[in-house]
Structure formats: C-alpha cells, structure tokens
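One structure is given below, encoded as structure tokens.
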Amino acid sequence: MASSQVKRIGVLTGGGDCPGLNAVIRSLVKTSVTEYGWEVIGYEDGFEGLLLQKFRPLSGSDVRGLLPRGGTILGTTNRCNPFRYQSEIEGRSVEKDMSQTAIQNFHSQNLDALVVIGGEGSLKIALELHHKGLPVVGVPKTIDNDLDCTEVTFGFYTAVETAKDAIDKLHTTGESHHRIMILEVMGRTAGWIALEAGLAGGTDLILIPEIPYDIEEVCRSLLARKRYGFGVAVVAEGARSVTGETVTHGTNALGFARYGGIGYKLGAEIAERTGLDVRVTVLGHLQRGGSPCAYDRILATRFGAQAAHAVASGKFGDMVALHAFRVNTVSIKRAVAKVKLIPPDSELVRTARDIGISFGDPAGVPSSVALTGAP
Ligand code: F6P
C-alpha cells in the first residue's frame, strides 16, 4: 500500500516495559500526523487491547512531553497471545485461538497498518498476524538487547546505566566492609546487561549464560581479590554452571522461562566454599523503570519515525533496526529466528579478560589460588 492510501494506523506496546517506549510512541505519532497526515490510535495493554477493543486516539498533543517519561502510556502485558488466548470457563482455564477476532477488530477500525513495539514474543505474534494478512511493522524493544538483526534495542543502555550505578554503590559498601558483593541483573538467556554493566562498573567477575561458570573457578577468582580486601561480581539472571544448573520458576504466558535468584544461590555456595563474607543484591525491575538515557531517547525517536516511513512504503512484515549506525528495516521473520547471544570469543569478552575480569571459567584464573580463606 502506497503512503497516499494510508489514512489511519494503530500502535501497541507488548511484553515487558522498557525505557524509551513512550519516546517511540511520540516519534511515531508526530511523524504520522505531521509528515503524512494520518490518524493514529493506540491500543491499550498490548494485544489485549486489540482483542478487547481497548484503544484511544493519539494526536500530537497526546504525545507532548513523552520523551523523558519511562513506562508506556498505552500500558502493556506479557500475558496475552491472541493465538493462545487464556480465559476461564466454569472455573477452568482454557486456551483459544482468537487471532481472527484480532484481525476483524483491526479492520473494524478502518486501520491500514499496525505498528507493534515489542520484544521477541510480541514480534513473533506480530509475524503470525502478518501471515494471516495483517499489515504489520515491528519496532524492536527490550532491555535484554537479545533481538537479532539489530545492533541495539532501545532501553538496553538505560538498563546498563542503572546496573552500572548499582555496581558503583556496591563497590563503596563492599570496600568498607571487606565483603564480596554480588549483583544479579536481568537478561533472560543473554548476558548483555551483565557484560556491559560489568565492564562499565569494573567488576571482578562477570557471569553470563553464554559462558558456563565453574563454581570452583568462581571461588578462585574471588579469593584472588584477597589482597584488595573486597570484590564485586555481576551475574546475569540466566547464568548457568558447567553442569547445567540455572534458576528458573516455570514459564510466562508467552512461553518464556521466568528467571530470578541465581545471585542468592551463588552467594550461598561461595560463602560456604570460601568462608568469604558475601552479600547479594537482585536489581530486578529497577532496570526496566525510569527515564530513558540520551542514547535510548535518540534511538527510540529514530525507530518511531522509521516505523512511520516503513508503513508509508508498505514494508509490512518488517521491523525497524539499527545496522552500521543507520536505521533501516529487516524482516521480522529473520529477526525472531534466533536470539542474539554474546559470542564467547567476541571483542567485548576478550577486552574484559584482557583487563583481568573473570567469567568463572577456567580461562584466565590462576589455578595457584587456594580455595580457602577470607579476604
Ligand atoms: O525481557 C525483559 C525482562 O525484563 C527480562 O530481563 C526478565 O527476565 C523479564 O523481562 C521479567 O519479566 P516480568 O515482567 O514477567 O517480571
């Protein structure tokens, strides 16, 4: 569909929230209204809004002042998949394919396109809807930075900033008390937040899912900090041991594993094996909240404008993406085909190793360090 035929578009935010969502909405609405003269409606609470017809018009004045605001004015949920809609019938939970209702509702609003701002789960749903004929454009969102085919997702650097600030604070208290401080950060199966926050905060140890840790090496690397009297470690929530141990708590409605608690498990193991005084902090949803940093505001603004241009040029089934400093589009199908993980031999990992940061694996830890004693 050429831009002259587009008159009205819809937008929704799906999955976990992330700093910069409002900045994307603002930029998309401004570009749609001023550049193309379209009307925009915003569906509330992700795909649930599309199914239950919860929406509101979004004009230029509705998005004024949104650039620095965290969260999403449209609301979001990671519990609604139109292809596997959960409802209760006579006290029993039943799953139903409601995708046709979603498509009918879209057409009943005379929409010409739907912009889905979401992570892997929401974009997979968007792709399935596109296969059923819905003209969809995606905008990649996640603090985890694990979406493929884009170099960065907005929200990631704000989360890294929050984690870096936490590491800075743990350094001062850890040093004062001669303790080992462990910070657990988010990221699901990817270690991007842990790796970049660990580099920015200068931690001694970084544990990421992509490099399985050996508890003996973890202990050795922290005992090697003995001469400094304290140590700081960052652990990704999805970190796994060489024997395959992780900490998960079932799955969410989109089928993704729920993480949280590996920091406590590691803290207890380290304290028991080494006698070190260990404290654990789980940063949790602080990483998703708050105002986006400058980088995320700019990237979100570029993504929002590019999403409008993608609609105008009929690039349905595509997602906006950052590649070699330029924002363009790639097919959602390619982007969701695999999760973007950290290559264990990447330059970032090598740089961390070069400056003496341990990943809890045999590489880089002097085996001469004894496995006992306090710092
Ligand atoms: O995908 C973003 C993310 O913040 C993950 O890092 C984390 O595991 C998950 O969402 C937590 O989601 P929930 O909103 O269900 O707590």
Side-chain angles (χ1 to χ4, degrees), residues 12-22 24 45-48 70-72 74-81 84 86 116-126 138-148 150 152-164 166 183-198 206-210 234-240 246-266 280-293 296 299-300 319 335-336 338-342:
L12 63 82
T13 52
D17 74 334
C18 162
L21 282 169
N22 282 326
V24 177
D45 300 327
F47 289 105
E48 195 173 291
T72 161
L74 292 175
T76 187
T77 175
N78 48 18
R79 286 192 309 271
C80 181
N81 179 349
R84 297 171 59 186
Q86 313 258 358
V116 174
I117 312 171
E120 187 198 350
S122 304
L123 290 176
K124 277 183 173 160
I125 294 170
V139 179
K141 161 248 61 156
T142 170
I143 62 163
D144 302 339
N145 197 32
D146 61 352
L147 257 164
D148 204 22
T150 182
V152 193
T153 48
F154 68 88
F156 170 63
Y157 277 112
T158 306
V160 169
E161 199 67 30
T162 302
K164 178 268 292 168
L183 179 71
E184 177 183 313
V185 297
M186 285 184 163
R188 300 198 302 162
T189 55
W192 294 103
I193 299 177
L195 176 59
E196 298 217 10
I206 299 175
L207 300 185
I208 56 176
E210 293 88 341
V234 60
V235 51
E237 62 181 7
R240 61 177 57 237
T246 52
V247 177
T248 56
H249 315 273
T251 53
N252 70 11
L254 298 184
F256 293 114
R258 297 182 66 218
Y259 292 90
I262 183 108
Y264 289 115
K265 174 181 152 56
L266 273 164
V280 177
T281 303
V282 178
L283 198 52
H285 293 80
L286 287 175
Q287 293 156 97
R288 295 227 304 247
S291 184
C293 65
D296 284 338
L299 186 62
M319 144 190 130
V336 299
K338 68 175 173 60
V339 173
K340 184 179 72 185
L341 299 176
I342 301 169

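Indexing begins at 1, ligand by ligand and atom by atom, following the structure's order. Predicted model only: the values in this text are computed from it and were never measured.
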When you measure from the side chain of Lys141 to the backbone N and O of Gly20, does any donor-acceptor pair fall under 3.5 Å? no
Numbered in order shown, the ligand 1 atoms found under 4.0 Å of a heavy atom of Asn78 are 13 (P), 14 (O), 15 (O)
Flag the pair Ile193 / Asn145 as yes when at least one side-chain heavy-atom distance between them is below 4.5 Å, and no otherwise. no
Which of the numbered atoms in ligand 1 are under 4.0 angstrom from any heavy atom belonging to Ile143? 4 (O)
Do Tyr264 and Glu184 have side-chain N/O donor and acceptor atoms under 3.5 Å apart? no
If you count the atoms of ligand 1 from 1 in the order shown, which ones are under 4.0 Å from a heavy atom of Gly187? 6 (O)
At a 4.0 Å threshold, what atoms of ligand 1 neighbour a non-hydrogen atom of Glu237? 5 (C), 6 (O), 7 (C), 8 (O)
As a check for students: among Thr189, Asp144, Asp146, identify the option with a heavy atom nearest to atom 5 (C) of ligand 1. Asp144
CZ/Arg240: more than 12 non-hydrogen atoms of other groups inside 6.0 Å: no
Within the structure, does Arg288 bring an N/O atom to less than 3.5 angstrom of an N/O atom in ligand 1? yes
Any heavy-atom pair between the side chains of Phe47 and Asn81 that's under 4.5 Å? no
Sub-4.0 Å atoms of ligand 1 with respect to non-hydrogen atoms of His285: 13 (P), 14 (O), 16 (O)
Hey, mind stepping through Thr142 and Glu120 against side-chain contact (heavy atoms from CB on, under 4.5 Å) and telling me if it holds? CA-CA 8 Å; Thr142 170; Glu120 187 198 350; over 6 Å; no
